[in-house]
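What follows is a short report on a single structure.
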Number of protein chains: 2
Amino acid sequence: MIIETALFQRVALLKNTNGGVFFGGFGMDLRQLRYFVAVARERNFTRAAQLLNIAQPPLSRQIQLLEEELGVTLILRKSRPVKLTDAGRLFYEQAMQVLGRVDQMKAATRRVGLNQNSVLSIGFVASTLYGGLPSLVRKLRQHAPELDIRLLEMLSTPQIPALKEGRIDVGFGRLRHSDPNVGGTVLRDERLVVAVHKGTRLAEETGPLPLAMLTGETLIVYPKEPRPSYADQVMSLLQHDDVRPAEVQEVREIQTALGLVAAAAGICIIPSSARQMRSDVQYRPIEGARATSPVILYHRVGDTSRYIALIKKLIQDMYTENPPWLDGSEIRDVRGGHQT
Amino acid sequence: MIIETALFQRVALLKNTNGGVFFGGFGMDLRQLRYFVAVARERNFTRAAQLLNIAQPPLSRQIQLLEEELGVTLILRKSRPVKLTDAGRLFYEQAMQVLGRVDQMKAATRRVGLNQNSVLSIGFVASTLYGGLPSLVRKLRQHAPELDIRLLEMLSTPQIPALKEGRIDVGFGRLRHSDPNVGGTVLRDERLVVAVHKGTRLAEETGPLPLAMLTGETLIVYPKEPRPSYADQVMSLLQHDDVRPAEVQEVREIQTALGLVAAAAGICIIPSSARQMRSDVQYRPIEGARATSPVILYHRVGDTSRYIALIKKLIQDMYTENPPWLDGSEIRDVRGGHQT
DNA sequence: TTGATATGATACCTATTAGGTATTATGATT
DNA sequence: AATCATAATACCTAATAGGTATCATATCAA
């Protein structure tokens, strides 16, 4: 089992229908990254060139091309040893990460290509990590040991194209969608809670909070992009009850959001199962039938893979076990194929 | 504030002193990734070539070169539309991630290069996210608003070269090290706790657990690499008391470890501040003066940056506030410059 | 089954880019 | 100021990317 974290970002280059220069700004390649890393590490073009087994002048030139490409100076050459600019230091470290990432990709591809096992790629939103997904995966491995299970964290919206393109085989998200090629089965509707800093006014409340009590608070929502997202669900819920936060701060992911709550920077509405024990954060249920978020299983319409059916069965079995993360959820009959 | 998750991996190509072929296996470049993505998406070489504004034959050849490079078939051409193999589907998705990653890198580099703000890069191990780091960062932003603060998650061991090479400016880790160019200040010694599945024998205990009670359990340790790591600290602690687990399972990171504990797959020893509320996991303190893990501030020897001093002052201030995450820690006088 | 069409592969050629040697410019040290 | 080390520039060569033409193969309709 491999967990890969990828807040997936679609590269919008394949939709360019202008017929013009297609790769404007995309001249950089991995060779340049490797060259830059060598220079950045050695702080010396001559020595780096030796290590790279090339001559110094082409190395110098390639770094210049890289700087031109970026429009940023990466290396200050007016001193010996040369120095990196702030941008250069950032680029150095990022380049090493990218190169490492490429290594991983090659190794993983070889492993799959040379291994006859089936691969099942599962996309999931982060909050489902707390809502039974680890347990489901464990059971799935037991029932289908021939499977190479890959778990890919990605937001709900990008799971739809990922399914259609075969990058994932099944997805777990929280947004309804309109794509006719992707089916969705609502697994459960989960209660929402509000995360508040310990000691604040809202934390002292003892029962479910009416949404109106959130008026005037700074609201932290996630994920900020791509939209529509769970953030829009939260905003829509508040708007329906005409609740107006004093300020809305958008952040990238749930951990950041809870970190900000911990810093008393605001409140955040999260699914019940995603509650985490932080000594500086408390969670309060929210009043009202609408204060829920669905957990949806996405799969391709017409996908008759036996694994989809197995996943549904395992989920239904898990419901009968009434696990703790189900607290606050209204479950659905999974195998009945409830359409969203 | 930007949080980047990078389980840093060092590309070991710069240490090749054989003078031979330096880039064996490294011929791939981003162009090939883009080409492959286009074909994978369209499932049609001709159409993909049009979209890429190149002719079909060179596209075909580049994909073949890519397959030769990897030693794996990515595309099955005996059908129309062409099909991806499992390896091809994996590579497709990974390639999109890498390309997205490169985009981010370029955008971030431009932002820093065109922005006159100072950058302060902070490396941190994941467990420090629960131990005051968000609060520290917030205070730091208040005291130094001109700073562009970058947070990079990386393990303790790779923080040392990252500091020396200027990729990060300060680090928070848990391992003592021997490099004379990197200073370390022990911020506190944190109690360790054992995470156990709810309902098990160890969970029923009410006081601190003697280490001997862990004998015969399946022990989950993290991170599995690079070594030495916190995992070795844990193993060393058990070995000192001659405690033998039935089995040791190494996993990549703390979240995975706690997920396995949740699945009743074993127990895990974690720093006290990293406890998270999971309804299926409980935490028990460990008996003994040795059952601690240090939190260490790393910085370059001789680094007289005012930000290091400011960070230390803010940490000391935080100690006097006695925040909840300090529970279970023995703090140190930070500004005295305690050397490890 | 045959013919038509679409599309991927192969062969050979051209264009572009990467890399090399020689030389000049510049920083650091004595 | 002289010397040495090293980065940049100029010009040339080698290697690779991309193009056109053609062949091979898959698919579909009659």
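Values reported hereafter were calculated over all heavy atoms of this structure, with side chains retained and with hydrogens, waters and symmetry mates removed. Convention: sequence-line order gives letters A, B, ...; per-chain numbering from 1.
Between A:N44 and D:dA7, a side-chain N or O to OP1/OP2 separation shorter than 4.0 Å is present. An OP1 or OP2 oxygen of D:dA7 is reached within less than 4.0 angstrom by no side-chain nitrogen or oxygen of A:Q64. Remark: B:T46 is in phosphate contact with C:dG8, judged by side-chain N or O atoms under 4.0 Å from OP1 or OP2.
Spacing between atom CD1 of B:I75 and atom P of C:dT7 amounts to 15 Å, rounded to whole angstrom units. Rounded to whole angstrom, the span from the CG atom of B:L59 across to the P atom of C:dA9 amounts to 9 Å. Put simply, CD1 on B:I54 is 9 Å from C1' on D:dA17, counting in whole angstrom units. The separation between A:R43 atom CZ and D:dA5 atom C1' is 18 Å, rounded to whole Å. To the nearest angstrom, C1' of C:dA18 lies 15 Å from CG of A:L66. For A:K83 and C:dA28, the NZ to C1' distance is 13 Å, given to the nearest whole Å. The interatomic distance linking A:F45 (CZ) with C:dT24 (P) rounds to 21 Å, in whole Å. Between B:Y35 atom OH and D:dT16 atom P there is a gap of 16 Å when expressed in whole angstrom units.
A donor-acceptor pair is defined here as one N or O able to donate and one able to accept, closer than 3.5 Å; no such pair exists between the side chain of B:R89 and the backbone of B:L84. Remark: the backbone N or O of A:E165 is paired with a side-chain donor or acceptor of B:R43 at under 3.5 angstrom. The backbone N or O of A:N181 sits nowhere less than 3.5 Å from a side-chain atom of A:R300 that would complete a donor-acceptor pair. No donor-acceptor pair under 3.5 Å is formed between the side chain of A:S121 and the backbone N or O of A:D169. Using a distance-only test at 3.5 Å, with no hydrogens or angles considered, a donor-acceptor pair links the side chain of A:D29 to the main chain of A:Q32.
By the ring-ring contact (aromatic ring centres under 6.0 Å, His included) test, B:Y298 is found to be paired with B:H177, residues two or more places apart in sequence or in another chain being considered. Taking the side chain to side chain contact (heavy atoms under 4.5 Å, CB included) definition, one finds that B:K83 meets it with B:L76, B:S79, sequence neighbours left out.
Checking A:Q97 against A:E93 by side-chain atom types alone, a donor-acceptor pair falls below 3.5 Å.
Comparing the start and finish of the helix from C:dT1-D:dA30 to C:dT30-D:dA1, five pairs each, the helix axis swings through 40°, to the nearest 10 degrees.
Applying the ring-ring contact (aromatic ring centres under 6.0 Å, His included) test to pairs two or more places apart or on separate chains, those with a residue in residues 72-91 of chain A are A:F36-A:F91.
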Could you list all N or O pairs between the protein and nucleotides 11-13 of chain D that sit under 3.5 Å apart?
none

Short N/O separations, protein against nucleotides 21-27 of chain D, under 3.5 angstrom:
{"unit_1": "D:dT27", "atom_1": "OP1", "unit_2": "B:R80", "atom_2": "N", "d": "3.3"}

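Of all non-hydrogen atoms in B:I75 and B:T73, the two that sit nearest each other are O-CG2, 3.3 Å.
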**Item:** Derivation and outcome, side-chain contact (heavy atoms from CB on, under 4.5 Å), residues B:L52 and B:Y35
**Value:** CA-CA 7 Å; B:L52 294 165; B:Y35 286 177; 3.6 Å; yes
